[in-house]
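Before any comments, here is the structure.
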Amino acid sequence: MGSAALILEDTVEKILNGDGLEVKEFDSAPGQVKPVVLRKTVCYIVCAVIINAKNEVLMMQEAKPECYGCWYLPAGRMEETESIVEAMRREVKEETGLDCQPITLLLVQEQGQQWIRFVFLAEVAGGSIKTEAEADAESLQAQWWDRESPLPLRSRDILCLIDAGLKYREKPGFPPALPVEMPCHLICQRLLLTFSSPDGDLWVLLGSSEEPRLPVAVSVESRTVTWASHRLLKECMPSSYHQLVVKSWGILGLQHSGRVPGETDGVCFNMLVSVEHATEGPEASQPPLLESPGIQWHKVESVQLRDRIRERLASGSLLPVHSLYC
């Protein structure tokens, strides 16, 4: 195996392990792109599902006029210079009085790049639960909810998040995944985009660069975050795109660092995506024809790495991303 192939397969290993990589180039972008700006062009929400030994869920009572007295999971908007984990910890502390530690991201919800919610499973690490006497503008109080006693909820959208937390505690569906603090100025996807042949060979798509690397596609406001991978495929294999089956399996890891407001407010989602031919035939054993300069297929020669990728595809053990775009 050549040195370039070794570098590439080392890169793929890192992405499979949930690590981050610097975003240097883009292989698909909608014309001119500008850095996203928190609270102006993007909105990030953090939310925490915290469950105690009795399977009770930590809830906070809203102080906002529009939902005063209703109950919700501790959640709120990220602020400038925060990491995603710091924002989650701050919201939990402000609204419940408790310190917490993240266990894993449970899922990511998105309505295009203008609204993304990062939902964590977390555990209590200290503090004391907020009482009515400590009510302030952040919340009226906090309490543990058994999920059976009547409780006026601000919205029932949190019920599926609580279910996801309970299921993960009982049987984790994917390895623990936490954000990697690494700067990016756009919302984008780094794609581990694979093609598997019926006889067991496996290829990954490479970006247009002198050095072997995985392609990066920039997201846009008018589409779901995950649509960027489809745009890349349309651009590099236009003749066959509509005869392909494309599946976004989920998130292998994500990168963010908001330390420099207006310059590092982006998020890079490292995604596992597969493509296959919709019909059987001789062409089904070879990856789709590429028609874009620089983009190429790399055949994975390492049996161990090939098996690792196949295992993730077969098990679907990835951080889910749910599109709420409408």
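For reference, positions follow the sequence shown, starting with 1.
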Can any side-chain N or O of Thr96 pair as donor or acceptor with the backbone N or O of Leu98 at less than 3.5 Å? yes
Can you give me the closest heavy-atom contact between Gly127 and Lys93, atom names plus distance? CA-NZ, 4.2 Å
Side-chain H-bond candidate by donor/acceptor type, Gln286 with His277, under 3.5 Å: no
Just how far is it from atom CD1 of Ile251 to atom CG of Leu107, taken to the nearest 0.5 Å? 9.0 Å
Would you mind reporting whether Leu272 and Leu313 have side-chain heavy atoms less than 4.5 Å apart? yes
Is the backbone of Pro288 close enough, under 3.5 Å, to the side chain of Trp297 for a donor and an acceptor to pair up by distance? yes
Salt bridge check: are Asp201 and Arg306 linked by an N-O gap of less than 4.0 Å? no
Looking at Pro212 and Leu206, what are the two nearest heavy atoms and their distance? CB-CD1, 4.4 Å
Nearest heavy-atom neighbours spanning Leu106 and Ala164: CD2-O, 3.7 Å
With no hydrogens and no angle check, do the side chains of Thr226 and Gln189 hold a donor and an acceptor under 3.5 Å apart? no
Write down the atom of Lys130, the atom of Glu95, and the distance for their closest heavy-atom approach. CD-O, 3.7 Å
Within-4.5 Å side-chain heavy-atom neighbours: Arg89 and Pro102: yes
Do Arg117 and Gln111 have side-chain atoms, one donor and one acceptor, less than 3.5 Å apart? no
Charged N-O contact under 4.0 Å between Glu25 and Arg190: no
Any side-chain donor paired with an acceptor under 3.5 Å for Arg231 and Ser28? yes
N/O donor-acceptor pair under 3.5 Å between Glu110 side chain and Gly112 backbone: yes
Do Phe118 and Cys47 come within less than 4.5 Å of each other through their side chains, counting heavy atoms only? no
Got a salt bridge between Arg77 and Glu91, using NZ or NE/NH1/NH2 to carboxylate O under 4.0 Å? no
Flag side-chain contact, heavy atom, 4.5 Å: Ile116 against Ile45: no
Establish, from distance only, whether the side-chain atoms of His230 and Tyr241 form a donor-acceptor pair under 3.5 Å. yes
Answer yes when Glu13 and Arg308 have at least one side-chain N-carboxylate O distance shorter than 4.0 Å, and no when they do not. yes
Between Thr81 and Arg259, does any side-chain donor sit less than 3.5 Å from a side-chain acceptor? no
I'd like to know if Asp27 pairs up with Arg213 as an ion pair, taking the criterion as any Lys NZ or Arg NE/NH1/NH2 lying under 4.0 Å from an Asp or Glu carboxylate oxygen. yes
Do Glu66 and Lys64 sit within salt-bridge range, that is, some charged N less than 4.0 Å from a carboxylate O? no
Go through Leu244 and Leu233 one step at a time and tell me if the side chain to side chain contact (heavy atoms under 4.5 Å, CB included) criterion holds. CA-CA 10 Å; Leu244 300 174; Leu233 289 170; 5.7 Å; no
Looking only at side chains, do Arg223 and Gln113 share a donor and an acceptor under 3.5 Å apart? no
Glu221 side chain to Gln114 main-chain N or O, any donor-acceptor pair under 3.5 Å? no
Pairwise distance OG(Ser139) to OH(Tyr72) - rounded to 0.5 angstrom: 15.0 Å
Distance, nearest 0.5 Å, that separates CG of Leu58 from CD of Gln143: 9.5 Å
Side chains of Leu232 and Pro215: does their closest heavy-atom pair fall under 4.5 Å? yes
Is the backbone of Gln304 close enough, under 3.5 Å, to the side chain of Asp307 for a donor and an acceptor to pair up by distance? no
Tell me yes or no: between the side chains of Glu134 and Thr131, is some donor less than 3.5 Å from an acceptor? yes
Please check if the side chain of Thr104 supplies one atom and the backbone of Ala177 the other of a donor-acceptor pair under 3.5 Å. yes
Counting only N and O atoms by type, is there a donor-acceptor contact under 3.5 Å from the side chain of Ser257 to the main-chain atoms of Met182? no
Over all atoms of both residues, closest heavy-atom pair of Gly20 and Asn270: CA-ND2, 4.5 Å
Are the side chains of Ile187 and Val220 in contact, using a 4.5 Å heavy-atom criterion? no
Less than 3.5 Å apart, any donor N or O on the side chain of Gln141 or Gln61 sitting next to an acceptor on the other? yes
I want to check something: taking the side chain as every heavy atom from C-beta on, are Val12 and Lys14 in contact at a cut-off of under 4.5 Å? no
Keeping Gln255 on the side-chain end and Leu21 on the backbone end, is there a donor-acceptor pair under 3.5 Å? yes
Given Leu8, which of Val300, Val204, Leu305 fulfils the side chain to side chain contact (heavy atoms under 4.5 Å, CB included) condition? Val204
In a check of side chain to side chain contact (heavy atoms under 4.5 Å, CB included) between Leu166 and each of Val49, Asn55, Leu161, which one passes? Asn55
Across all chains, not counting sequence neighbours, the ring-ring contact (aromatic ring centres under 6.0 Å, His included) partners of Trp249 are none
CG on Leu178 to OG on Ser83, rounded to 0.5 Å: 10.5 Å
Closest non-hydrogen contact found for Pro198 with Ala284 is CD-O, 3.3 Å
Carboxylate-amine/guanidinium contact Arg147 Glu56, below 4.0 Å: no
Pair Arg169-Ile51, side chain to side chain contact (heavy atoms under 4.5 Å, CB included): steps then yes or no: CA-CA 9 Å; Arg169 272 167 50 98; Ile51 303 167; 3.6 Å; yes
Side-chain hydrophobic cluster, 4.5 Å single linkage: members besides Val218: Val23, Phe26, Val33, Leu186, Val216
Separation between SG of Cys70 and CE of Met60, rounded to the nearest 0.5 Å: 10.5 Å
Are Leu192 and Val273 close enough, and set up right, to give a side chain to side chain contact (heavy atoms under 4.5 Å, CB included), and what steps lead you there? CA-CA 6 Å; Leu192 177 51; Val273 178; over 6 Å; no
So Met237 and Ile295, do their side chains get closer than 4.5 Å, heavy atoms only? no
Electrostatic pair Glu82:Arg90 at N-O distance under 4.0 angstrom: yes
How many angstroms lie between OG in Ser317 and CZ in Arg312, if you round to the nearest 0.5 Å? 4.5 Å
Sorted by first residue and then second, give each ring-ring contact (aromatic ring centres under 6.0 Å, His included) pair with at least one member in residues 122-170; sequence neighbours left out. Tyr168-Phe174
Between Ser292 and Cys236 (side chain of the first, backbone of the second, donor and acceptor by atom type, cut-off under 3.5 Å), is there such a pair? no
Is a side-chain donor or acceptor of Asp146 paired with a backbone partner of Glu148 at a separation under 3.5 angstrom? yes
List the steps, then state whether side chain to side chain contact (heavy atoms under 4.5 Å, CB included) holds for Ser197 with Trp203. CA-CA 9 Å; Ser197 70; Trp203 286 261; 3.8 Å; yes
